[in-house]
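Take a look at the structure set out below.
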Amino acid sequence: MTTMTVTDSPQPTGTEPAAPPPSATPHRRGRRLLILAAAAALAVGGGTAGGLVAGRAVDTPSAAQPTASAVQVAATTGLTTAEIASAVSPSVVSIFVSGAQDVEGSGVILSADGLILTNAHVVDGGGSIRVQFADGSTATATVVGTDANHDLAVIRAQGVTGLTPATLGTSANVRVGDSVLAFGSPLGLEGTVTAGIVSAVDRDVSSTDVSQRNLIQTDAAINPGSSGGPLVDASGRVIGINTAIASTGQNSGNIGVGFAIPIDTAKTVVAQLTGD
């Protein structure tokens with residue numbers, strides 16, 4: 001299991017020896033994490049949805065034109081959690097990669113004709129890609145481009161039209177204490193929504209094979225399979241892409257410390273990958 005260390009965690013004081021820092025696990029690497037998450041997905045979801053990994057998906061600003069319902073969510077204030085969840089859920093997908101190692105993750109729809117943003121670690125192992133939409137329909141997909149350094153990727157679902165793109169916000173104004181919702185398919189449970197706040201910003205995490213900077217930290221529950229799903233603000237705008245969780249090393253589940261790639265970073269990467 002790949003682990004990541006939060007580099008700016010406060011150090012303990014006193015004479016007691018410092019406890020080892022929690023490790024963060026990108027939702028994908030590590031065969032052990034994959035096996036455990038996959039087993040849970042099969043047991044709960046019949047193997048039709050699941051989540052261990054986040055695949056690569058990056059977003060192009062031009063491709064991410066919102067639909068009318070998404071615009072209403074972004075423009076309206078005082079929305080309830082249920083209203084945000086109802087408006088954003090149609091823009092979230094489950095991603096299944098079949099190859100030498102089966103992987104499951106989540107993604108965010110960027111365009112009506114099938115561009116989808118996800119984590120690179122969801123799709124970087126190769127194999128065939130299948131996307132499941134909120135209405136249960138599915139489509140095959142191909143990789144448009146990946147950026148391993150930022151753990152982002154863009155894929156395109158084939159033969160689809162009329163999808164509901166997410167409304168992309170900005171991460172520049174994200175503040176500690178802001179309310180957020182995390183969407184995805186943790187442990188194979190597609191259509192899952194969890195609530196929390198922004199716990200910290202500009203967080204740096206690293207592991208033996210992954211290093212990411214300036215992430216958004218949240219206590220909204222994120223688990224294997226949530227990778228690539230959106231973190232949204234109280235107006236339903238996407239402000240981040242779920243990418244990793246912290247772990248004590250004793251279990252791979254949520255302990256209230258998750259990380260998301262700022263959407264402003266994702267927009268830049270998507271533009272580079274798509275040429276827009």
Side-chain angles (χ1 to χ4, degrees), residues 2 4 26-29 53-67 70 74 91-93 95 97 103 105-129 131 139-158 160 163-174 183-184 201-207 209-217 226-233 237-244 259-276:
T2 303
M4 303 177 77
H27 304 161
R28 109 3 196 138
R29 320 197 184 223
V53 218
R56 331 172 164 195
V58 197
D59 178 34
T60 48
S62 60
Q65 296 301 318
T67 61
S91 302
V92 182
V93 303
I95 298 173
V97 181
V103 171
S106 305
V108 183
I109 296 173
L110 301 177
S111 69
D113 60 353
L115 278 183
I116 296 170
L117 171 65
T118 185
N119 287 142
H121 72 247
V122 171
V123 299
D124 64 4
S128 60
I129 302 172
V131 174
T140 59
T142 57
V143 175
V144 174
T146 64
D147 183 332
N149 290 332
H150 293 97
D151 194 20
L152 290 167
V154 176
I155 63 176
R156 181 181 289 280
Q158 303 298 305
V160 296
L163 301 181
T164 303
T167 298
L168 304 188
T170 177
S171 47
N173 301 321
V174 172
F183 292 73
V201 296
D202 298 327
R203 200 65 101 185
D204 297 343
V205 297
S206 61
S207 71
D209 60 347
V210 175
S211 180
Q212 294 192 69
R213 300 179 59 82
N214 305 319
L215 300 182
I216 299 169
Q217 181 182 329
S226 298
S227 291
L231 186 71
V232 309
D233 65 15
R237 298 181 178 94
V238 179
I239 60 168
I241 301 299
N242 304 326
T243 189
F259 303 96
I261 301 163
I263 195 60
D264 290 351
T265 299
K267 288 177 181 179
T268 299
V269 173
V270 171
Q272 293 171 345
L273 294 178
T274 62
D276 291 335

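Side-chain atoms are counted along with the backbone in the values below, which use heavy atoms only and exclude waters and symmetry mates. Being a predicted model, the structure only gives us computed values, none of them experimental.
Within the 4.5 Å cutoff, the side chain of Ile109 has heavy atoms near those of the Val93 side chain. Taking the side chain as every heavy atom from C-beta outward, Arg156 and Asp113 approach each other to under 4.5 Å. Under the 4.5 Å side-chain criterion, counting only non-hydrogen atoms from C-beta, Pro262 is in contact with Leu215. Residues Thr140 and Ser128 are not in side-chain contact: their nearest non-hydrogen atoms beyond the backbone lie 4.5 Å or more apart.
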Verdict with supporting geometry, Thr170 and Ile239, side-chain contact (heavy atoms from CB on, under 4.5 Å): CA-CA 6 Å; Thr170 177; Ile239 60 168; over 6 Å; no

Are Thr243 and Asp151 close enough, and set up right, to give a side chain to side chain donor-acceptor pair (under 3.5 Å), and what steps lead you there? CA-CA 8 Å; Thr243 189; Asp151 194 20; 2.8 Å; yes

Derivation of the side-chain contact (heavy atoms from CB on, under 4.5 Å) call for Thr265 and Asn214: CA-CA 9 Å; Thr265 299; Asn214 305 319; over 6 Å; no

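The OG1 atom of Thr142 sits 8.0 Å away from the CD1 atom of Ile155 when rounded to the nearest 0.5 Å. Distance OG/Ser171 to CD1/Ile263: 7.5 Å, rounded to 0.5 Å. With values rounded to the nearest 0.5 angstrom, Leu152 atom CG is found 7.0 Å from Ile241 atom CD1. Once rounded to the nearest 0.5 Å, the distance linking CZ of Arg237 with OG1 of Thr167 reads 7.5 Å. Here Gln212 contributes atom CD and Ile261 contributes atom CD1; the two are 4.5 Å apart, rounded to the nearest 0.5 Å.
Looking at every heavy atom in both residues, Ala157 comes nearest to Ala139 through CB-CB, 4.3 Å. Across Pro165 and Ala112, no two heavy atoms sit closer than the pair CG-N, 3.8 Å. Shown here for Phe183 and Asn242, the closest heavy-atom pair between the two residues is O-ND2, 3.4 Å. Taking each heavy atom of Ser106 and Gly229 in turn, the nearest pair found is CB-N, 3.6 Å. Minimum interatomic distance between Thr164 and Ser91 (heavy atoms only, all atoms of both residues): O-OG, 2.7 Å.
The side-chain contact (heavy atoms from CB on, under 4.5 Å) test with Ile116 singles out one residue from Val108, Val131, Ile129, Leu110, and that residue is Val131.
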